[in-house]
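Below, read A as the first sequence line, B as the second, and so on, with proteins coming before strands; counting in each chain starts at 1. Computed from a predicted model, the values in this text were never measured in an experiment. Atoms considered below: every heavy atom in the structure, side chains included; atoms not considered: hydrogens, waters and symmetry mates.
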Amino acid sequence: MTVLDQRLLRTNPELIATQLGRRGMQLDIQALQRLASEERDLQEQRSDLQAEGNRIGKEVGQCIRTGAAADSPAVQQLREQGNRIKQQVAALEEQEKALASRLHAEIAALPNLPSAQTPDGRHEADNVEVKCWGTPRVEAGLEEHWQIGERLGLFETERSVRIAQSRFITLLGQGARLERCLIQFMLDLHSRKGYREVLPPILVNSASLTGSGQLPKFAEESFRCADDDLWLTPTAEVPITSFHRDEVLPGDQLPLRYVAYTPCFRREAGSYGRDTRGLIRLHQFNKVELYWFVHPQQSEQAHAALTADAEAVLEALELPYRKVELCTGDLGFSAARTFDLEVWLPGAGTYREISSCSTCADFQARRSSIRCKDAKGTQLVHTLNGSGLAIGRTMAALLETGQQADGSVSLPAALWPYFGSDRITAD
RNA sequence: GGAGAGGUGGCCGAGUGGUCGAAGGCGCAGCACUGGAAAUGCUGUAUAGGGGCAACUCUAUCGAGGGUUCGAAUCCCUCCCUCUCCGCCA
């Protein structure tokens, strides 16, 4: 796995330092460069020695073929030379390996370079609102979704702790039904637009997590199966990236567009006390994910199109939202550029992230070795992903947005055929 | 879980110690033939890294990692994966 364009490190290290600087990272680029050039020197020495060894090997073959005895002095001498070289090579190789794994570890921990378009900024507050859709419902006395859910018996928190632990939820009755309908509705919507539906494994190996950028840096964010090299996937992005790992995709097949429903599992380390009630922040949640593999030249339009496809879900569900472009300081590890969609929660009186649509440029493609082939040769593809949408948060938004004075919740027309009713009422 | 068979280039498939990065075929590209195409013929066609303006050249890679050897796709060890049969199972 190559995790950073090594050529870039050699030819334009300043670019790396500057771009990571925009993320607020202080990077000792010289130290990295020194490591890389040391490694290259060793590699050169080693391969020269190996060339010499290969030459001797061939010479021995030559001698024997032309009639020299296998134990003749000439052959003996060549053997000794060969052995000496073998030892030297082994010694160099050991150093080289140590150096390479150090270099690799340092590089693998570096996040993606932000896109040129990504606005500079230090944190969430510097994100840029680029669009608002719909009219947010603003009234006094509206309930939050967890109050509605508890009142209507849509889900159960306390017993879920008994089953698992906190931050797990059990959906019940109309709540379970709505969750299922939303998954189906979103899959249908995207499939109609030409997305190919995928239902991947949700246990993934370390190579998959590394390939999409969750490892090595965010090991503490995922649940791991202790006896196997398997983890519970934090997002469908991981299995889908690896679906094409180590492949050369025919250029005329691009873009490949996938839509996947999966449960997602996150440890949510460091979020104690935040969003403890309801559906917002859970260790296990459902999500429909959009994922594109595209030719590098098309990734910018693709990013706009993917984001629009996610927006279309909110619009079909009549949920007011705003679209925010993340600043460099708020960008995820693998992303070069990201639009977040934030849905309006009338009960909470706030916008909450419900989809995050990112282009990773060639970052994941490099880590996962996914290339495409066209007339000009092979090159890394670009990968893009976005939620279309997070199901639990969608339900929260629907509950808060549709709440009525009589205690029921009215649903958008798009869901009626799926849900079999235009509203949720007390059982 | 038990028994057996396997893992070689974009794909199929040959190769049991040296001249093998690897026959042959398919596919793909170019050229010839054709009014155009098909068929046919010829030529070319792996990836990554290093050096060189370039022609080119060096190294590594035959599931992964170790070992034997001057020399390993080929022999030995460990692991992973796939397939077949049996058992178990939603």
Side-chain angles (χ1 to χ4, degrees), chain A residues 1-11 32-104 107-108 199 201-211 225 227-231 239 242-254 256 263 293 295 362 365-381:
Chain A
M1 183 196 65
T2 328
V3 285
L4 179 86
D5 197 335
Q6 305 257 349
R7 219 166 262 137
L8 193 63
L9 181 60
R10 200 163 60 246
T11 59
L32 259 190
Q33 263 185 299
R34 232 170 306 143
L35 265 185
S37 83
E38 262 177 71
E39 193 216 2
R40 215 167 48 248
D41 290 347
L42 274 177
Q43 189 189 344
E44 204 172 323
Q45 281 181 52
R46 191 216 65 220
S47 77
D48 285 351
L49 263 179
Q50 280 175 322
E52 177 66 7
N54 287 345
R55 215 208 75 238
I56 289 171
K58 280 196 175 125
E59 211 175 308
V60 173
Q62 192 74 250
C63 284
I64 292 173
R65 224 171 313 116
T66 52
D71 56 358
S72 67
V75 170
Q76 286 296 359
Q77 205 201 331
L78 285 170
R79 279 191 182 161
E80 274 167 38
Q81 277 184 44
N83 271 324
R84 258 200 311 278
I85 286 174
K86 191 158 51 165
Q87 282 169 14
Q88 292 171 350
V89 167
L92 281 176
E93 244 170 6
E94 203 175 316
Q95 293 177 46
E96 194 187 334
K97 246 185 211 169
L99 208 57
S101 74
R102 246 175 75 200
L103 180 66
H104 185 271
I107 285 178
L199 192 60
I202 53 179
L203 292 191
V204 298
N205 57 36
S206 299
S208 296
L209 281 166
T210 307
C225 304
D227 293 336
D228 304 277
D229 176 31
L230 288 170
W231 308 63
S242 272
F243 186 65
H244 287 299
R245 179 148 48 92
D246 295 319
E247 282 188 35
V248 177
L249 307 170
D252 57 11
Q253 279 182 19
L254 298 179
L256 291 171
F293 295 87
H295 188 95
D362 63 8
R366 177 173 297 107
R367 295 168 80 102
S368 299
S369 183
I370 306 171
R371 289 162 298 164
C372 63
K373 194 168 205 160
D374 57 22
K376 281 182 290 182
T378 57
Q379 57 188 321
L380 294 170
V381 300

5'-most contact on RNA chain B (nearest-nucleotide basis), Val248(A) vs Val60(A), goes to Val248(A)

Per Lys97(A) side chain, nearest of listed nucleotides C70(B), G50(B), G66(B):
G66(B)

When rounded to whole Å, the CD to C1' distance for the pair Gln379(A) and A48(B) reads 17 Å

For nucleotides 57-64 of chain B, 5' to 3', base contacts (B), sugar-phosphate-only contacts (S) and non-contacts (-) with protein non-hydrogen atoms under 4.0 Å give -SSS----

Could you check how far NZ of Lys58(A) sits from P of G18(B), rounded to whole Å?
13 Å

Counting Watson-Crick and G-U wobble pairs only, both distances under 3.5 Å, name the nucleotide matched with U74(B), or none.
none

Whole-Å gap separating C1' (G51(B)) and CD (Glu44(A)):
6 Å

Rounded to whole angstrom, note down the P distance from G6(B) over to G13(B).
13 Å

Just how far, in rounded Å, is P of A48(B) from CG of Asp246(A)?
12 Å

By the 4.0 Å heavy-atom rule, please label Ile64(A) as base, sugar-phosphate, or nothing.
base

Take atom P in C58(B) and the same atom in G4(B), then report the distance between them in whole Å.
45 Å

Starting at atom CZ of Arg79(A), determine the distance to atom C1' of U69(B), rounded to an integer number of angstrom.
9 Å

Return the value, rounded to whole Å, for the distance between atom CD1 of Ile85(A) and atom C1' of G71(B).
12 Å

Quick one: Lys86(A) NZ to G67(B) P, roughly how many Å, whole number?
10 Å

U82(B) - base-pair partner by Watson-Crick or wobble geometry, distances under 3.5 Å
A5(B)

Please give the nucleotide sitting opposite A22(B) as a Watson-Crick or G-U wobble pair, both distances under 3.5 Å, or none.
none

Can you tell whether the side chains of Arg55(A) and Glu59(A) come within less than 4.0 Å, N to carboxylate O?
yes

With both distances kept under 3.5 Å, what pairs with U40(B), Watson-Crick or G-U wobble?
A32(B)

Sequence neighbours left out, what pairs pass salt bridge (Lys or Arg N to Asp or Glu O under 4.0 Å) with at least one residue falling in residues 79-91 of chain A?
none

Between C81(B) atom C1' and Asn205(A) atom CG, what is the distance in whole Å?
12 Å

Across all strands, who's sitting opposite U47(B) as a Watson-Crick or G-U wobble pair, both distances under 3.5 Å?
A60(B)

